[in-house]
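When reading the values below, keep in mind they use all heavy atoms of this one structure, side chains included, and skip hydrogens, waters and symmetry mates. Indexing begins at 1, ligand by ligand and atom by atom, following the structure's order. In this text the structure is predicted, and so the values were computed from the model without any measurement.
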Amino acid sequence: MFNAPAPGLIFRRLAVASALTLIASCAEAPAQKPATAPLPQASQPAAKAATSPAQAPVVMPAISFDAWRDGFRRQALASGIDTATFDRAFAGITPDASVITADRSQPEFTRPVWEYLEGAISPYRVRKGQSLMAEHATTLAAIEQRFGVDREPLVAIWGMESSFGQFMGDKSVIRSLATLAYEGRRPEFAHAQLLAALQILQHGDIQPGGMLGSWAGAMGQTQFIPTTYNSHAVDFDGDGRRDIWNSAADALASAAHYLQASGWRKGQPAALQVQLPQGFDYAHADGDIRKSVGQWQATGVLLVGPQANGLSGESASLLLPAGYRGPAFLVLDNFRAILKYNNSSSYALAVSLLGERFDGGGQLIGSWPRDERPLSRSERVELQESLTAAGYDPGTPDGIIGANTRKAIRGYQQRLGWPADGFPTQKLLESLRQR
Ligand code: CA
């Protein structure tokens, strides 16, 4: 996780502070997480908090990096960081141009959600996760007992975040965050993370040379951002250090602690596959609409998986990751807990399905609309501008399909008499172009 949610795990969650997006549109796939930072193979950092270059020209810092560092040093010392810690952490640190490149990139094209899921739930990852669940069975049992978080989603998150500790990022966290604090798009956020990183070094959990992570400062096997680390990392192997880089036990327990704080409910699924009846009103597939599982069933929603028993009183929303033509899911409280780790419904669905796959489940019912090509970023902007021209209010045309844009899409779909799933498609954009 890179963004800490309210608790502060990860960047993604808190920092971005975006509304929970339950309908994963292609455009939404990976937002910057709250507790953690996105890995390249798992997700592309969505420029969620960013504006386009055209709207916000890059402003170069008015002072040199050295001058910035000296000013930051004074602030850090005033906040309780000791001189030795600061100077050791910053020895030889210069800005990292690759971090700035990554920070300013706004990918034009997005993978369809089915391709994202296929990458996330690869046969290799399933086998590796199963093997590691056996290897760490004792530790996982102890973690389940202490934190009340099931082992399957924990190991799934471990696989999603760092490929089970194999890819944690190889950048100096201090250097990356210093670069972002100096000239990134969100300097205040990076500033806070950098201070938190110095606190971690001062606490002695890791040495500066071992404090490695992603370009965005997501660290270790859990990809925690520093503030999330400070609030939720735990020493579970008992060596006195919270070492999410080198200790699988510490990493898994830290992730469990975060999910516990996010409201995890042991033994409950995160998502249930469902089939929708003929004539279903797809406008109900909205993250803001919650009903009990039993109420959904009363509207004709059919639970098709093996985990449906005893859940009729649980609160759920309907998720259509690829619109009405694709698979449908009821997502429960644990899905929302995963979103606090990484605020992307595609991510949360991948964690849920991967965890089920470890136990032999997680097979999808229904098929993806593979003939759909996700809208590019510029097409999403055009869609938003066209909806505005048509009298709807999709919000700022930023290429991000959020709640306002989905609402506007639904309105236009209803005017056309189409299924109002709020999902952006080429067909919808074409219809707007021909108005
Ligand atoms: Ca430890």
Could you please spell out the steps behind the side-chain contact (heavy atoms from CB on, under 4.5 Å) verdict for Asn230 and Arg242? CA-CA 10 Å; Asn230 278 336; Arg242 302 168 295 171; 4.0 Å; yes
For the Ca ion (ligand 1): the N/O/S atom of Asp250 at shortest distance: OD2
Hey, which N, O or S atom on Asp237 ends up closest to the Ca ion (ligand 1)? OD1
Distance alone, cut at 3.5 Å: any donor-acceptor contact between the side chains of Lys171 and Ser98? yes
Do Trp158 and Gln221 pair up side chain to side chain, a donor and an acceptor below 3.5 Å, judged on atom types alone? yes
Any N, O or S atom of Arg241 closer than 3.0 Å to the Ca ion (ligand 1): yes
Regarding Asp243, does it place an N, O or S atom less than 3.0 Å from the Ca ion (ligand 1)? no
Salt bridge Arg265-Asp333, side-chain N to carboxylate O under 4.0 Å: yes
Who passes salt bridge (Lys or Arg N to Asp or Glu O under 4.0 Å) against Arg146, sequence neighbours left out? none
Angle at the Ca ion (ligand 1) between OD1 of Asp239 and OD1 of Asp235, to 10°? 90°
